[in-house]
Peer 1: 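Got a structure for you, questions after.
Positions are given from 1 along the sequence. Quick note: numbers below take in every heavy atom, side chains included, and nothing from hydrogens, waters or symmetry partners.
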Amino acid sequence: MWYWLLMGGLLLPMLVSIKLEQPKWLAVSKLLLFIGLMSSLLLKYDLTHLSWLLSFLALAFFTLCYAVEEFAPKHRNLQLCFFSIACLCYSLDFWFQVDSLSWTVAIPSFALVVVAFLLVLPLLDSFAMQASVVALILWQMLWAAGELLYINGTLLDISGFLGALLLAITVLVWALHYFRKPFKHSYAWILCCYSSAHILIIAPIVLK
């Protein structure tokens, strides 16, 4: 329960900053969220536990994404590189917990990612190659999280899968926001989905 209360308390300032259109406070609230997530993991400190280590590495690279966005926004490729490595760490975290594979999850998740990718492909232009790599990473992350949910079916597995799904949705909305005309509250949607994704993915590590 403490974890959800802490994350809710960290999300609230972010939502208020969006509402009041205070970019400096928003930047601070995003950083505080990552600090809160990493601190929650440190309470479960265990270097011998591969899942813990991969999750911590993922958050470290997502924090680097944040740093590039705030201090070097023109270096979009560097940000994408950090994002891809972070998502790969998350997906490896899921995969190392999977004992057996089935196509029950792989095919629907692949179809979902392909449809989403084709929808935004005309907007990407020269960014298409990098986007295809991210789409592939997101697909296998969804597959791994879905396998865990399919095999175990616990509430924490549901949390992990929803987090992976929200992260994929974040990328889709981000592409629409930056490569096409932003729709109403699109940036708020991006931040809410992105932050909630991390909270849900980290929850199984912290609460087990």
Peer 1: Decide if atom CG of Leu155 counts as having more than 12 heavy atoms of other residues, nucleotides or ligands within a radius under 6.0 Å.
Peer 2: no
Peer 1: Between Ser91 (side chain only) and Met141 (backbone N and O only), is there a donor and an acceptor less than 3.5 Å apart?
Peer 2: no
Peer 1: NZ of Lys30 to OH of Tyr194: how many Å apart, nearest 0.5 Å?
Peer 2: 8.5 Å
Peer 1: Do Ile35 and Ile201 share a hydrophobic cluster, counting only Ile, Leu, Val, Met, Phe, Trp and Tyr and linking them when any side-chain heavy atoms are less than 4.5 Å apart?
Peer 2: yes
Peer 1: I need the Ser39 OG to Lys44 NZ distance, nearest 0.5 Å.
Peer 2: 15.0 Å
Peer 1: Between Val115 and Phe110, is the side chain to side chain contact (heavy atoms under 4.5 Å, CB included) condition met? List the steps.
Peer 2: CA-CA 9 Å; Val115 170; Phe110 182 73; over 6 Å; no
Peer 1: If only atom types and distance count, is the side chain of Ser55 paired as donor or acceptor with the main-chain N or O of Trp52 below 3.5 Å?
Peer 2: no
Peer 1: May I ask you to test the Leu42-Phe56 pair for a side-chain heavy-atom distance under 4.5 Å?
Peer 2: yes
Peer 1: Nearest 0.5 Å, please: how far is CG in Leu167 from NE2 in His198?
Peer 2: 6.0 Å
Peer 1: Are the side chain of Ser159 and the backbone of Leu200 linked by a donor-acceptor contact shorter than 3.5 Å?
Peer 2: yes
Peer 1: Is Trp139 reaching over with its side chain to a backbone N or O of Val134, donor-acceptor style, under 3.5 angstrom?
Peer 2: no
Peer 1: Any link between Val171 and Leu191 through a network of hydrophobic side chains (Ile, Leu, Val, Met, Phe, Trp, Tyr) touching at under 4.5 Å?
Peer 2: yes
Peer 1: Given the rule in the side chain to side chain contact (heavy atoms under 4.5 Å, CB included) test, do Leu43 and Val206 qualify, once you have shown the distances and angles that lead to the verdict?
Peer 2: CA-CA 8 Å; Leu43 292 175; Val206 175; over 6 Å; no
Peer 1: In terms of relative ring orientation, are Trp143 and Trp103 parallel, tilted or perpendicular, with 30° and 60° separating the classes?
Peer 2: parallel
Peer 1: In terms of hydrophobic clustering (I, L, V, M, F, W, Y; side-chain heavy atoms under 4.5 Å; direct or indirect links), are Val68 and Val28 co-clustered?
Peer 2: no
Peer 1: Just by distance, no angles: are the side chains of Trp95 and Gln140 close enough, under 3.5 Å, to form a donor-acceptor pair?
Peer 2: yes
Peer 1: Do you know which two heavy atoms are closest between Phe83 and Cys65, and how far apart they sit?
Peer 2: N-SG, 3.2 Å
Peer 1: To the nearest 0.5 Å, how far apart are CG in Asp93 and CG in Leu53?
Peer 2: 10.0 Å
Peer 1: Report yes if some heavy atom in the side chain of Ile199 is under 4.5 Å from a heavy atom in the side chain of Trp4; otherwise report no.
Peer 2: yes
Peer 1: How far apart are the closest heavy atoms of Leu6 and Ser40, and which atoms are they?
Peer 2: CD2-OG, 3.6 Å
Peer 1: With rounding to the nearest 0.5 Å, note down the distance linking CZ in Phe94 to SG in Cys89.
Peer 2: 12.0 Å
Peer 1: Within this structure, what is the OG1-CE distance for the pair Thr63 and Met38, rounded to the nearest 0.5 Å?
Peer 2: 5.0 Å
Peer 1: Taking side chain as C-beta onward, heavy atoms only, is Met7 less than 4.5 Å from Leu33?
Peer 2: yes
Peer 1: Which heavy-atom pair separates Ala27 from Glu70 by the least distance, and what is that distance?
Peer 2: CB-OE1, 3.5 Å
Peer 1: Decide yes or no on side chain to side chain contact (heavy atoms under 4.5 Å, CB included) for Leu149 and Val105, but give the supporting numbers first.
Peer 2: CA-CA 9 Å; Leu149 177 59; Val105 179; over 6 Å; no
Peer 1: Please report the shortest heavy-atom distance between Leu11 and Ser196, naming the atom on each side.
Peer 2: CD1-OG, 4.5 Å
Peer 1: Any heavy-atom pair between the side chains of Pro204 and Asp157 that's under 4.5 Å?
Peer 2: no
Peer 1: Heavy atoms, side chains only, cut-off 4.5 Å: are Leu15 and Cys192 in contact?
Peer 2: yes
Peer 1: Taking the six-membered ring for Trp, are Tyr66 and Phe71 parallel (under 30°), tilted (30 to 60°) or perpendicular (over 60°)?
Peer 2: perpendicular
Peer 1: Mind checking whether Trp25 and Phe34 sit in one hydrophobic cluster, side chains of I, L, V, M, F, W, Y counted as touching below 4.5 Å?
Peer 2: no
Peer 1: If you take all heavy atoms of Cys193 and Ile169, which pair is closest and at what distance?
Peer 2: SG-CG2, 4.4 Å
Peer 1: Restricting to non-hydrogen atoms, name the atom on Val113 and the atom on Ala135 that form the minimum distance, rounded to 0.1 Å.
Peer 2: CG1-O, 3.5 Å
Peer 1: Are Ile137 and Phe61 connected in a single hydrophobic cluster, I mean Ile/Leu/Val/Met/Phe/Trp/Tyr linked by side-chain heavy atoms less than 4.5 Å apart?
Peer 2: no
Peer 1: Apply side chain to side chain contact (heavy atoms under 4.5 Å, CB included) to Leu57 and Phe62, showing your working.
Peer 2: CA-CA 9 Å; Leu57 281 174; Phe62 278 119; over 6 Å; no
Peer 1: With a 3.5 Å distance limit and no angle check, can you tell me whether Gln97 reaches the backbone of Leu148 through a side-chain donor-acceptor pair?
Peer 2: no
Peer 1: Are any side-chain N or O atoms of Tyr3 and backbone N or O atoms of Leu37, one a donor and one an acceptor, separated by less than 3.5 Å?
Peer 2: no
